[in-house]
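These notes concern the structure reproduced below.
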Amino acid sequence: MTLRHILIHPDPRLKKVCDPVAQIDDELRALADDMLATMYDAPGVGLAAPQVGVTRRVLVMDCVKDLKAQPRPMVLINPEVTWTSAETSTYEEGCLSIPEQYADVTRPAEVRVRWLGLDGKLHEEGFEGLWSTCVQHEIDHLNGKLFIDYLGPLKRQMITRKMEKLKREMARA
């Protein structure tokens, strides 16, 4: 497993709609392993392929927060939301591509998602709570959308300027 570099906003690769995965092969398995290692190292609860510069419809997540509980790493290939609840929930979201910035985002409280697993089989599951927020946030990445796109223009511009400054500082270091 290799830790991958996480792209920082603004980066045009984060705004691209990702291509579906046509086949599961060793390259895709290696990408999934790298993404999980990168997500855990960051640390984060989710990571989408475009965040590591790969424009394919792959995301990983593990929203188990209790250190005593068994981790539940998930790899979702070509995920699609098949149902959303009418009820919404608001969660303070952050993003590994927008470090140290957080904002309240309102999304459906529950979702049902269908995806292809690394086993080549179709899976479908309902998510609620942090799992629901996370899977929706990561699927947004696959569609070229960031959590700050849900914010007003002033707040979005302020965060973008902070990220531009951070990138300049990182380039100098």
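Following chains of ILVMFWY side-chain contacts shorter than 4.5 Å, one can reach L31 starting from L36, so the two form part of one hydrophobic cluster. V60 and L28 end up in the same hydrophobic cluster when Ile, Leu, Val, Met, Phe, Trp and Tyr side chains are linked at under 4.5 Å. If you chain together hydrophobic residues whose side chains sit under 4.5 Å apart, L59 and L118 never meet in one group. I77 and V54 fall within the same hydrophobic cluster, where Ile, Leu, Val, Met, Phe, Trp and Tyr residues are linked whenever their side-chain heavy atoms come under 4.5 Å apart, directly or through other members. In the hydrophobic clustering of ILVMFWY residues, with side-chain heavy atoms under 4.5 Å counting as a link, Y91 and L151 come out apart.
Side chains of C63 and F127 form no contact here, defined as non-hydrogen atoms less than 4.5 Å apart. H137 is listed as a side-chain neighbour of R107, based on a closest heavy-atom distance under 4.5 Å. Under the 4.5 Å side-chain criterion, counting only non-hydrogen atoms from C-beta, M35 is not in contact with V75. Between E100 and L166, every side-chain heavy-atom pair lies at or beyond the 4.5 Å cut-off. Side-chain contact check for H9 versus C95: every heavy-atom pair is 4.5 Å or farther apart. Inter-residue side-chain proximity for V17 and R57 is flagged as met; some heavy-atom pair is nearer than 4.5 Å. In this structure, the side chains of I139 and V111 stay at 4.5 Å or more apart for every pair of heavy atoms. Looking at V64 and W131, their side chains come closer than 4.5 Å, going by heavy atoms from C-beta outward.
For E169, the CD atom is densely surrounded, since the number of other residues' heavy atoms within 6.0 Å is greater than 12. Within a 6.0 Å sphere centred on CD of E125, heavy atoms belonging to other residues, nucleotides or ligands number more than 12.
Ion pairing between D149 and K15 holds under the 4.0 Å rule for side-chain N and carboxylate O. Remark: K121 does not engage D119 in a salt bridge, criterion side-chain N to carboxylate O under 4.0 Å.
Side-chain atoms of D34 come within 3.5 Å of backbone atoms of T2 as a donor-acceptor pair (strictly under, hydrogens ignored). Between the side chain of S85 and the backbone N or O of A109, at least one donor-acceptor pair lies under 3.5 Å.
The two residues T90 and D104 have their closest heavy-atom pair at CG2-CB, 3.6 Å. What you find for R112 and G126 is that their closest heavy atoms are NH1-N, 3.1 Å. Taking every heavy atom of both residues into account, I148 and R156 meet most closely at O-CD, 3.3 Å. Considering every non-hydrogen atom in both V21 and N78, the closest pair reads N-OD1, 2.8 Å. When all heavy atoms of I8 and D11 are compared, the pair lying nearest together is O-CB, 3.6 Å. Scanning both residues, P79 and W115, for their nearest heavy atoms gives CA-CB, 3.8 Å.
In this structure, a donor-acceptor pair under 3.5 Å is absent between the side chains of T160 and E164.
Because its NZ or CZ atom is both nearer than 6.0 Å to the ring centre of Y150 and within 45° of the ring axis, K145 counts as a cation-pi partner of that residue.
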Using residues 42-53 as the side-chain source, report each donor-acceptor pair under 3.5 Å to any protein atom, sequence neighbours left out, with the distance given to one decimal.
unit_1, atom_1, unit_2, atom_2, d
Q51, OE1, A48, N, 2.9
Q51, NE2, S97, OG, 3.1

